[in-house]
Amino acid sequence: MTDLKMQIAGTADLPDYELDQFIEEAFFAKDVLLQHRGPGAEFTGWIDLPEKYDRDEFARIQKAAEKIRKESQVLIVCGIGGSYLGAAAALDFLKGGMYNLKAEKNNDLQIFFAGNNLNPTYIQDVLDMIEGKDFSVNVISKSGTTMETSISFRIFRKALEDKYGKEEAAKRIYATTDKEKGALKELADKEGYETFVVPDDIGGRYSVLTAVGLLPIAAAGCDIEKLMEGAKEMRTLLLQDPEEVTDAVMYAALRQELYEWDKEIEIFVNYDPDLRMFAEWLKQLFGESEGKDGYGIFPASLNFTSDLHSMGQMIQDGERNIFETIINIENTPRDLPIAAFEEDFDGFKYLEGKPVSLLNQTALVGTANAHIEGEVPQILFSIPDRSEHSLGELFYFFEFACGVSAYLEGVNPFNQPGVESYKKNIKELLSKYKD
C-alpha cells in the first residue's frame, strides 16, 4: 500500500463508455510497456530499477557523497534536461527551495546547478558564489558532447585546476557518463575522475533513480535508500495485479480521453513553491515523451496561489482547452500562526491565530471548485509529506504513467527526434568559428 492518492473531478460530462474504452486500451499499452515490445523498448530499464539497481555502485554513490560533504562547501552539478531536473526537483522537495541559503547559514553543503543554459551572467554568478570556498564538480553527460554541459564543465574544471592544481582537482571531479565510451568517459579515464554510470537502457528523463540523480541527492544529505524504497513500493503496487485499474492506468486513460475532447493543455499545479522544480521535471517527462508526430498534450506548470493573480483569469474564463493535474502535499513540515493585532486593518482579524497551512489548503479546495465550475477538469494527487519515501513513489508513478500514456497515444515514449533539429542548426552556425 502506497501513500499516493488520486481524485478526479469535473469529468462528469465525459461519456463513461468512452473512458472504459480508453482504460481497455491503456491496459494494452501497459502490457506493451511491461513486455518490452513497443518502440523504444531498449530504454525500459527503469521499470525494474527499484528492484534490480546496482548495489555496488549504489554504495559507491553513498561513499562519494560522504566524501563530497566532508571536503567541500559547494557541489557544482553540470547537466541539462534529465541530467539535472530530477535532482533539482528532489532537493527542492526534500530540502526546500531556499536550501542553499540555509546550507550556508548552517555550514552545510550548497549545491548549484550549471550546464543547463548558455547565459554568461548565470555562469559568472555561480563562479562568484564559490569564490573562496572548497568545491567539487559532478558532470553528467552520456556522450560528453552536450554543448551546454560541456561549456560549463570546461569553465568549472578550469576553476578547480586553478585552485587546487590538476592532480588534486581530478579528485574533486565526479563524472556520470557512459559505462564504456564517449568523450567524457575517455577524459575521465585519462584524468582519473571517479565515474558513475548512465545506464544504456535508461534515457535521461527516466534516469533520476540512477547515479544521474542519486549522487547530487545523496550529497545533499538525503536518504537515497528510502527514496528507492518508495519507488519499489510504487512499482509493486502498479505491477502486482495485471487486471487492476491502478491510478497510473486511470491517469493515462483519462489524459488521452481529455485530449480526445480537445483538452490539449495539461497544467501541473502546486500550492507549494518547493514543488516548482518537480513540475519542471514533469514537463520534460511528458513533453519529450509524448510530443511527436504532430500530436501530444502540451505540459505547462503553474504555482498557486501566486499564479492565480496572473493566470487565474485565463484558466477560469479562457479557451476551454485546459485540464489541471494538481500535486498536493497534505502535511507541511513547518507552519506558523497568522499574526494578531489590536485593529482589524485588512478585514482578516477573524483568522488571527489560525495556521497559514489551513488557508493554503482552503485556497486549493476553493480554487479547484471554481475551476470545475469553469469547466476545467481536475486530477488531484495527494501525498502525505515531503519525505524521501513519498518522493520515490511520485517519481516512479509518473514515469510509469507517462510510458503507458505515450504508448496509448501511439508514439515512442523514449526517443526525442525533434531535439536533434535545433542541435544540428546550432552546430552549423558555430562551425564558422572553426577557421
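Along the sequence shown, residues are numbered consecutively beginning with 1. The shown structure was predicted, so the numbers you read here are calculated from the model rather than taken from an experiment.
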Locate the shortest heavy-atom distance separating [X] from [Y]; write the atom from each residue and the value.
| X | Y | answer |
| --- | --- | --- |
| F135 | Y164 | N-OH, 3.2 Å |
| P384 | D3 | CD-CB, 3.4 Å |
| G213 | P216 | O-CD, 3.2 Å |
| G86 | F395 | O-CZ, 3.7 Å |
| C78 | T149 | O-CG2, 3.5 Å |
| I329 | Q361 | O-NE2, 3.8 Å |

Inset, instruction - For R334, look at atom CZ and say whether over 12 heavy atoms of other residues, nucleotides or ligands are found less than 6.0 Å away. - result: no
Inset, instruction - Determine whether more than 12 heavy atoms belonging to other residues, nucleotides or ligands lie under 6.0 Å from atom CG of N107. - result: no
Legend entry - Residue of the set D307, T325, N303, N328 for which side-chain hydrogen bond (donor to acceptor under 3.5 Å, both in side chains) holds with N270: N303
Legend entry - Q240: partners by side-chain contact (heavy atoms from CB on, under 4.5 Å), with sequence neighbours left out: T236, L237
Without swapping roles, check the side chain of [X] against the backbone of [Y] for a donor-acceptor pair under 3.5 Å.
| X | Y | answer |
| --- | --- | --- |
| E393 | L4 | yes |
| S150 | G144 | yes |
| Y396 | I47 | yes |

Inset, instruction - Quick one: list whatever passes side chain to side chain donor-acceptor pair (under 3.5 Å) with E260, sequence neighbours left out. - result: none
Legend entry - Partners meeting side chain to side chain donor-acceptor pair (under 3.5 Å) with Y193 (sequence neighbours left out): R157
Inset, instruction - Establish, from distance only, whether the side-chain atoms of Q7 and Q378 form a donor-acceptor pair under 3.5 Å. - result: no
Under 3.5 Å, which donor-acceptor pairs link side chains of residues 109-126 to any protein atom two or more places apart or in another chain?
{"from": "Q110", "atom 1": "OE1", "to": "K133", "atom 2": "NZ", "distance (Å)": "2.8"}
{"from": "Q110", "atom 1": "NE2", "to": "N100", "atom 2": "O", "distance (Å)": "3.0"}
{"from": "N117", "atom 1": "OD1", "to": "N119", "atom 2": "N", "distance (Å)": "2.9"}
{"from": "N119", "atom 1": "OD1", "to": "T121", "atom 2": "N", "distance (Å)": "3.0"}
{"from": "N119", "atom 1": "OD1", "to": "Y122", "atom 2": "N", "distance (Å)": "2.9"}
{"from": "Y122", "atom 1": "OH", "to": "F113", "atom 2": "O", "distance (Å)": "2.4"}
{"from": "Q124", "atom 1": "NE2", "to": "D128", "atom 2": "OD1", "distance (Å)": "3.0"}

Just distance, no hydrogens or angles: give the donor-acceptor pairs under 3.5 Å from side chains in residues 282-300, sequence neighbours left out.
{"from": "K283", "atom 1": "NZ", "to": "E280", "atom 2": "OE1", "distance (Å)": "3.4"}
{"from": "K283", "atom 1": "NZ", "to": "E280", "atom 2": "OE2", "distance (Å)": "3.1"}
{"from": "Q284", "atom 1": "OE1", "to": "G82", "atom 2": "N", "distance (Å)": "3.2"}
{"from": "Q284", "atom 1": "NE2", "to": "E288", "atom 2": "OE1", "distance (Å)": "3.1"}
{"from": "E288", "atom 1": "OE1", "to": "R205", "atom 2": "NH1", "distance (Å)": "2.9"}
{"from": "S289", "atom 1": "OG", "to": "R205", "atom 2": "NE", "distance (Å)": "2.9"}
{"from": "S289", "atom 1": "OG", "to": "Y206", "atom 2": "OH", "distance (Å)": "3.0"}
{"from": "S289", "atom 1": "OG", "to": "L285", "atom 2": "O", "distance (Å)": "2.6"}
{"from": "S289", "atom 1": "OG", "to": "P413", "atom 2": "O", "distance (Å)": "3.2"}
{"from": "E290", "atom 1": "OE1", "to": "R255", "atom 2": "NH1", "distance (Å)": "3.2"}
{"from": "E290", "atom 1": "OE1", "to": "R255", "atom 2": "NH2", "distance (Å)": "3.0"}
{"from": "E290", "atom 1": "OE2", "to": "R255", "atom 2": "NH1", "distance (Å)": "2.9"}
{"from": "E290", "atom 1": "OE2", "to": "S405", "atom 2": "OG", "distance (Å)": "2.6"}
{"from": "K292", "atom 1": "NZ", "to": "E288", "atom 2": "O", "distance (Å)": "3.2"}
{"from": "K292", "atom 1": "NZ", "to": "S289", "atom 2": "O", "distance (Å)": "3.1"}
{"from": "K292", "atom 1": "NZ", "to": "N412", "atom 2": "O", "distance (Å)": "2.4"}
{"from": "K292", "atom 1": "NZ", "to": "N415", "atom 2": "O", "distance (Å)": "2.7"}
{"from": "K292", "atom 1": "NZ", "to": "N415", "atom 2": "OD1", "distance (Å)": "2.9"}

Inset, instruction - Kindly write out the residues that satisfy ring-ring contact (aromatic ring centres under 6.0 Å, His included) with F43, not counting sequence neighbours, or none if the list is empty. - result: none
With sequence neighbours excluded, residues passing salt bridge (Lys or Arg N to Asp or Glu O under 4.0 Å) with [X]:
| X | answer |
| --- | --- |
| D274 | R386 |
| D385 | none |
| R276 | none |
| E257 | none |

Please list every donor-acceptor pair under 3.5 Å in which a side-chain atom of residues 364-371 meets a protein atom from a residue at least two apart or in another chain.
{"from": "T367", "atom 1": "OG1", "to": "A363", "atom 2": "O", "distance (Å)": "2.7"}
{"from": "N369", "atom 1": "ND2", "to": "V365", "atom 2": "O", "distance (Å)": "3.4"}
{"from": "H371", "atom 1": "ND1", "to": "E324", "atom 2": "OE1", "distance (Å)": "2.9"}
{"from": "H371", "atom 1": "ND1", "to": "E324", "atom 2": "OE2", "distance (Å)": "3.3"}

Inset, instruction - Decide yes or no for F400 and L239: does some side-chain heavy atom of the first lie under 4.5 Å from some side-chain heavy atom of the second? - result: yes
Legend entry - All pairs passing salt bridge (Lys or Arg N to Asp or Glu O under 4.0 Å) where residues 168-178 contributes a residue, at least two apart: K142-D178, E168-K171, D178-K181
Legend entry - Q62/E225 under side-chain hydrogen bond (donor to acceptor under 3.5 Å, both in side chains): CA gap, chis, key distance, verdict: CA-CA 10 Å; Q62 292 174 306; E225 290 185 4; 3.3 Å; yes
